Amino acid sequence: MYKLPKSGRLRRNKCFQAVYRSGKSYANRQIVLYVLPQHGRERRVGFAAGKRLGNAVVRNRVKRLLREAYRLQQHNLKNGFDLIIVGRQTLVNETLPAVSAALSHLCDRAKILSSKGGAV
RNA sequence: UGAGUACGAAAGAUGAUCGCGAAGGCCGCAGGGUCUUCGAGGAAAGUCCGAGCUCCACAGGGCAGGGUGCUGGUUAACGGCCAGCGAGGGCGACCUCAGGGAUAGUGCCGCAGAAAUGUAGACCGCCCGGCUAUGCCGGGUAAGGAUGGAACGGUGCGGUAAGAGCGCACCAGCAGUCAGGCGACUGACUGGCUAGGUAAACCCCACCUGGAGCAAGACCGAAUAGGGAAGAGAUGAGGUAGCCCGCCGAUCCUUCCGGGUAGCGUCGCUAGAGCCGGCAGGCAACUGCCGGCCGAGAUAAAUGAUCAUCACCGCGCAAGCGGGACAGAACUCGGCUUAUUGACUGCUCACCGA
RNA sequence: UGGGGAGUCGCCAAGCUGGUUAAGGCAUCGGACUCUGACUCCGACAUUCGAGGGUUCAAAUCCUUCCUCCCCAG
């Protein structure tokens, strides 16, 4: 239930470009969320951390935080979407609970939470 | 106690839960499931050097170009390291140095200054002589002044019209001989009395050096079309590094039109100039022998999150609270450089006490 | 990850190779012309060339170590 195998991840540059170009975006101070509907498919997700955030250690940490936050609440999300979650500058010094809260806030606004799960 | 200096080592430990990557075993036709083991660094960084490896010819010759530059050693190699020599800095422990050649040649040395390298040069002085005489002219003089970063060895005595290595002593420097040292070099003696700086300017000398890089390169599979048109060249197109040689070499190149630009592909991909311990050689860098160990292999790219306990540091009487830097493998090694935490050890100096 | 290039005034830049003056244009400020503005004319504007160290009498320039930015290769 909490697993996150490679098949649920966005892996190709093409897919990333498609989501960036055609998807809708939602943002708050910590996170930017891109959503592209893909009807009938398994939900896939990608994580990104831009060069502005800092050196390689900081960028890796941001991506791992985002992945952990997504992993722990993915069962509340609907299927049939490609998502990209991008970390922003204020995320660098945050801890996991704050990241989770920010992510669920965005998912609520994007209306991809499943009805039986509800907000965390 | 304070200040400093050198060197080595380390970069918290254990457990639980959830999750990720790889390898191997088992189950399954298969998607996959499950168990075990392993899973970031001293700098993984910067990419400043040197190698391995791959392709270009089994990488060859000459010129050009580039690099290094005290001596000896070390190494696969190096611009690294070790030991020494010389110069400079520090009271000292110790530190710094691209540190060959300026007597092979060429260039440059602004402004200032009379003059910037030629045995040249007289602005003020100094001395001698002449004159139309408180000045002017001619000559001598580089000791004094002035300029400059630098002015043709320095100090002293003699000498002289005034001066000058003109003569002498000492010092610096140069050349030669002898002695010591593998050598850089050091010491002694002799000689002629003097030769500016700059080679991180060109250069000379000695030594080294082919080019590209794992996006190298190899393989498998898919796709299209053995597409069309025009032009140049076989006393040889074209390729091979800048040129010449040499080599490869039968179809190749340029332009236009059209088509294609595709695979979460496989290998290369991790056992290596490897790590740890002991012994031996060496002042040391390092080397040899013996024994043991296997320690990441990803590809939008794994190595994470949460919690608990115990160490360590700081604050606090205590309960407790807070803290742990710099930073993330991408073919692999040897160095260098840069970033950075809190401790340990040796040595030096200053002060105080016994 | 590998390879290559560039940092000079607020902006665009010349000067670096071959060492002794930091050109020029735009912008800004002050003045003149005008009743006022524009145009035009005159004047001002870099103690230092991304940062540190070295060579030299002397460094934007030569050497070296860092920092920042840009480009190319799937």
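Order of the sequence lines fixes the chain letters, A, B, ..., with proteins taken first and strands second; residue numbering starts at 1 for each chain. Note that these values count all heavy atoms, side chains included, but never hydrogens, waters or copies made by symmetry. Small disclaimer: the values here were computed from a predicted structure and weren't measured.
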Which pair of heavy atoms, one from [X] and one from [Y], lies closest together, and at what distance?
| X | Y | result |
| --- | --- | --- |
| A:A69 | A:V99 | CB-CG1, 3.8 Å |
| A:A110 | A:Y26 | CB-CE1, 3.4 Å |
| A:I31 | A:I85 | CG2-CG2, 3.6 Å |

Mind checking who [N] pairs with, Watson-Crick or G-U wobble, both distances under 3.5 Å?
| N | value |
| --- | --- |
| B:rA250 | none |
| B:rC20 | B:rG39 |
| B:rC267 | B:rG217 |
| C:rG43 | C:rC29 |
| B:rG191 | B:rC174 |
| B:rC205 | B:rG69 |
| B:rC157 | B:rG167 |
| B:rA298 | none |

In terms of base orientation, is [N] syn or anti, with the syn window spanning 90° either side of 0?
| N | answer |
| --- | --- |
| B:rA40 | syn |
| B:rG238 | anti |
| B:rG165 | syn |
| B:rG295 | syn |
| B:rU270 | syn |

Using side-chain heavy atoms (C-beta onward) and a distance below 4.5 Å, is A:L83 in contact with A:R44? no
Let me check something: do A:V57 and A:L91 share a hydrophobic cluster, defined by ILVMFWY side-chain heavy atoms less than 4.5 Å apart, either directly or through other members? no
Between [atom2] of [N] and [atom1] of [X], the distance in whole Å:
| X | N | atom1 | atom2 | value |
| --- | --- | --- | --- | --- |
| A:K63 | B:rU303 | NZ | P | 10 Å |
| A:L72 | B:rA305 | CG | P | 13 Å |
| A:H75 | B:rC18 | NE2 | C1' | 13 Å |
| A:L53 | B:rA300 | CG | C1' | 15 Å |
| A:R59 | B:rA300 | CZ | C1' | 13 Å |
| A:F47 | B:rC20 | CZ | C1' | 12 Å |
| A:L83 | B:rA300 | CG | C1' | 15 Å |
| A:Y70 | B:rC20 | OH | P | 13 Å |

With nearest nucleotides of RNA chain B determined for A:A48 and A:L65 from heavy-atom distances, which residue corresponds to the more 5′ nucleotide? A:A48
If you find the nucleotide of RNA chain B closest to A:P97 and the one closest to A:G46, which residue's nucleotide is nearer the 5' end? A:G46
Please state the [atom1] separation for the pair [N] and [M] - nearest whole angstrom.
| N | M | atom1 | result |
| --- | --- | --- | --- |
| B:rU198 | C:rU55 | P | 12 Å |
| B:rA301 | B:rA40 | C1' | 14 Å |
| B:rU261 | C:rG74 | C1' | 12 Å |
| B:rG192 | B:rC166 | P | 14 Å |
| B:rA212 | B:rG233 | P | 36 Å |
| C:rU65 | B:rU266 | C1' | 44 Å |
| B:rC91 | C:rA22 | P | 40 Å |
| B:rG316 | B:rC276 | C1' | 46 Å |

Carefully, step by step, assess A:L113 and A:K78 under the rule side-chain contact (heavy atoms from CB on, under 4.5 Å). CA-CA 6 Å; A:L113 291 172; A:K78 292 181 187 169; over 6 Å; no
B:rU303 phosphate, OP1 or OP2, under 4.0 Å from A:R67 side-chain N/O: yes
Counting N and O atoms only, with roles assigned by atom type, does the side chain of A:R109 sit under 3.5 Å from a partner on the main chain of A:A27, one being a donor and the other an acceptor? yes
Can you check whether A:T90's main-chain N or O pairs, donor with acceptor, with A:R29's side chain at less than 3.5 Å? no
Using distance only, find each side-chain donor-acceptor pair of residues 59-67 of chain A under 3.5 Å and give its atom names and separation, not counting sequence neighbours.
from: A:R59; atom 1: NH1; to: A:G54; atom 2: O; distance (Å): 2.9
from: A:R61; atom 1: NH2; to: A:E94; atom 2: O; distance (Å): 3.0

I'd like a table of atom pairs between the protein and nucleotides 325-329 of chain B - only N or O on both sides, under 3.5 Å - with the distance next to each one.
from: B:rG328; atom 1: OP2; to: A:A56; atom 2: N; distance (Å): 3.4
from: B:rG328; atom 1: OP2; to: A:V57; atom 2: N; distance (Å): 3.4

List the steps, then state whether side-chain contact (heavy atoms from CB on, under 4.5 Å) holds for A:V32 with A:R88. CA-CA 7 Å; A:V32 183; A:R88 306 184 79 177; 3.6 Å; yes
